[in-house]
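Working notes, beginning with the structure itself.
The chain is numbered in sequence order, starting from 1.
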Amino acid sequence: MAAPMSNVDEIRNRVILGEFGVRNVHTTDYPGNYPGYDDTWNFQKFKKNFRIDIVQMDENTMEFDMVGIDAAIANAFRRILLAEVPTMAVEKVFIYNNTSIIQDEILAHRLGLIPIKADPRLFEYRNAGDEEGTEIDTIQLQLKVKCTRNPRAPKDSSDPRELYLNHMVYSRDMKWVPIGNQADVFADASIGPVHGDILLAQLRPGQELDIVMHCVKGIGRDHAKFSPVATASYRLLPEITLLQPVEGEKAERLKRCFSPGVIELENRDGKQVAKVANSRLDTCSREVLRYDDLKNLVKLGRVRDHFIFSVESTGILPPDMLVSEAINVLLAKCQRFINELDSTDMD
């Protein structure tokens, strides 16, 4: 049975948060589903409706709106950011000396997870089976630290920071060793760990580390250490509609049901009246549906094609550059698929 025309727009464009479930979660705007609606895909229509709005961005985080796309496309960007944008990370660890209490395997794993500040677009993938790296596919780092007693330490001190030298090994102790012509090519690039204050090991006098690391290019699908983001997520834009005026004590209670800043109170003729100030801040907890006298005064929904993306970079590349690289990866996938279709037609 076809849905009434008055409800079609809501079914096609909104996800409704009810008391006992969520409605309209599936995409329904495909050709022929609703009489009178032309839902055939049109490039010009898509181009007119699609937009990206950057809401907030700093060195490592970015929040932006992607409007006018289907959830499948939005999820493709999220998955590409997590698993298919390449980075450089420690792949091979050559331990020549490790007299610390940390086992070689644990230490190698810790080193592999250190984000490396290097533009992966300037390097090639290392060929499978290659033992020796070259200047075009490998970054070499060295960690050489030895702990000794501090001859100037106070005699009555018990603080390791005063008694010992180099007893704390940090990621800043990982030094870049250029291969071939890398010293000239990357003269302006400060290759090394993104963060210098990551604790790797603690030593005591006589203990030392002598390690050489090879960083290669890879993607998060192969190992999480190559993932360029700490997190990449999205959510639909919340939409809150007050069906009736809410005043007095009810308005105060309604405000407390939502995240701070969503509902505000304004004075109208001496009465406190609730209004929706910023529905974007809502976490969609549906707390208001617990109250019988409030649940019928509010309609909770989400805009189906309005995605709020949050991208947090590990610091290897800026978040806006990561999004651009994710778009390039998706374009390459589409082109590869088109080429496969063309070659199939020819066969």
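Remark: the Thr138 side chain and the Arg126 side chain contain an N/O donor-acceptor pair separated by less than 3.5 Å. Donor-acceptor pairing under 3.5 Å is recorded for the side chains of Ser157 and Glu162. For the residue pair Arg336 / Asn339, no side-chain donor-acceptor distance below 3.5 Å is found, with atom types taken as modelled. Judged purely by distance below 3.5 Å, without hydrogens or angles, the side chains of His214 and Gln140 pair a donor atom with an acceptor atom. The closest side-chain donor-acceptor pair between Asn296 and Tyr291, if any, does not fall under 3.5 angstrom. At a cut-off of 3.5 Å, with distance as the only test, no side-chain donor of Thr148 or Asn166 sits close to an acceptor on the other residue. For the residue pair Tyr30/Thr40, the side-chain donor-acceptor check at 3.5 Å is not satisfied.
Remark: side-chain polar atoms of Ser100 are not paired, donor with acceptor, to backbone N or O of Leu203 under 3.5 angstrom. Remark: side-chain polar atoms of Asp137 are paired, donor with acceptor, to backbone N or O of Thr134 under 3.5 angstrom. Listed for the Asp70 side chain is no donor-acceptor partner under 3.5 Å among the backbone atoms of Ile73. Looking only at distances, a side-chain donor or acceptor of Arg110 sits under 3.5 Å from a matching main-chain atom of Leu200. A distance-only check finds a donor-acceptor pair linking the side chain of Gln182 to the backbone of Glu135 [under 3.5 Å]. For the pair His223 (side chain) and Lys225 (backbone), a donor-acceptor distance under 3.5 Å is present. The backbone N or O of Glu312 sits nowhere less than 3.5 Å from a side-chain atom of Thr231 that would complete a donor-acceptor pair. No donor-acceptor pair closer than 3.5 Å links the side chain of Asp173 to the backbone N or O of Val169. Under a 3.5 Å cut-off, the side chain of Asn49 and the backbone N or O of Lys45 do form a donor-acceptor pair.
By the rule that hydrophobic residues join a cluster once side-chain heavy atoms approach within less than 4.5 Å of another member, Val329 and Val311 end up as members of one cluster. One hydrophobic cluster, built from ILVMFWY side chains closer than 4.5 Å, cannot hold both Leu330 and Ile338; they sit in different ones. Following chains of ILVMFWY side-chain contacts shorter than 4.5 Å, one can reach Phe50 starting from Phe309, so the two form part of one hydrophobic cluster. Leu294 is connected to Val276 through a chain of hydrophobic side-chain contacts under 4.5 Å among Ile, Leu, Val, Met, Phe, Trp and Tyr, so both are in one cluster. Hydrophobic clustering of Ile, Leu, Val, Met, Phe, Trp and Tyr side chains at less than 4.5 Å, counting indirect connections, keeps Val323 apart from Val67.
Residue-environment remark: CD1 (Ile101) stays at or below the threshold of 12 foreign heavy atoms within 6.0 Å. Heavy-atom contacts from other residues, nucleotides or ligands closer than 6.0 Å to CD of Gln56 number more than 12. Within 6.0 Å of the NE2 atom in His109, the count of heavy atoms belonging to other residues, nucleotides or ligands does not exceed 12. No more than 12 heavy-atom neighbours from other residues, nucleotides or ligands sit within 6.0 angstrom of CD on Glu132. For Glu19, the CD atom is densely surrounded, since the number of other residues' heavy atoms within 6.0 Å is greater than 12. Open room surrounds CZ on Arg79; 12 or fewer heavy atoms of other groups in view lie less than 6.0 Å from it. Around NZ of Lys146, the count of heavy atoms belonging to other residues, nucleotides or ligands within 6.0 Å does not exceed 12. By the neighbour-count criterion of 12 heavy atoms within 6.0 Å, atom NZ of Lys117 is densely surrounded, having more than that number from other residues, nucleotides or ligands.
The line from CD1 of Ile52 to CD1 of Ile54 is 8.0 Å long, rounded to the nearest 0.5 Å. Interatomic distance, Arg14 CZ to Asp305 CG, rounded to the nearest 0.5 Å: 8.0 Å. Interatomic distance, Ile327 CD1 to Ile80 CD1, rounded to the nearest 0.5 Å: 9.5 Å. Atom CD of Glu84 sits about 11.0 Å away from atom OG of Ser227, to the nearest 0.5 Å. Rounded to the nearest 0.5 angstrom, Asn267 CG and Gln272 CD are separated by 5.5 Å. Going from atom CD1 of Ile263 over to atom OG of Ser279 covers 8.5 Å, rounded to the nearest 0.5 Å.
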- Item | Stepwise side chain to side chain contact (heavy atoms under 4.5 Å, CB included) test for Ile114 and Ile198 | CA-CA 8 Å; Ile114 303 294; Ile198 302 175; 3.6 Å; yes
- Message: Show, in sequence, the C-alpha distance, side-chain angles and deciding distance for Ile240 and Lys299, and conclude whether the side chain to side chain contact (heavy atoms under 4.5 Å, CB included) test is met.
- Response: CA-CA 6 Å; Ile240 300 171; Lys299 186 175 183 179; over 6 Å; no
- Task: Apply the test side chain to side chain contact (heavy atoms under 4.5 Å, CB included) to residues Val15 and Arg23: give CA-CA distance (whole Å), side-chain angles for both, the deciding distance (0.1 Å), then the verdict.
- Result: CA-CA 6 Å; Val15 175; Arg23 306 194 307 273; over 6 Å; no
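At least one side-chain heavy atom of Cys284 sits less than 4.5 Å from a side-chain heavy atom of Leu17. With a 4.5 Å cut-off on side-chain heavy atoms, Arg12 and Arg304 do not count as touching. At a threshold of 4.5 Å between non-hydrogen side-chain atoms, the residues Asp293 and Lys250 count as touching. Between Asn98 and Ile211, every side-chain heavy-atom pair lies at or beyond the 4.5 Å cut-off.
Checked against a 6.0 Å centroid threshold, the rings of Phe186 and Phe123 count as neighbours.
Ion pair Glu287/Arg256 not flagged as a salt bridge, since none of the NZ, NE, NH1 or NH2 atoms sits closer than 4.0 Å to an Asp/Glu carboxylate oxygen.
In summary, of the residues considered (Arg235, Arg280, Arg51), a salt bridge (charged side-chain N to carboxylate O under 4.0 Å, His left out) with Asp65 occurs for Arg280 alone.
Under a cutoff of 6.0 Å and an axis angle of 45°, Arg149 and Tyr164 do not form a cation-pi pair.
The two atoms that bring Val194 and Ile116 nearest to each other are CG2-C, 3.9 Å, heavy atoms only. Closest approach of Thr28 and Tyr34 over heavy atoms only: OG1-OH, 3.2 Å.
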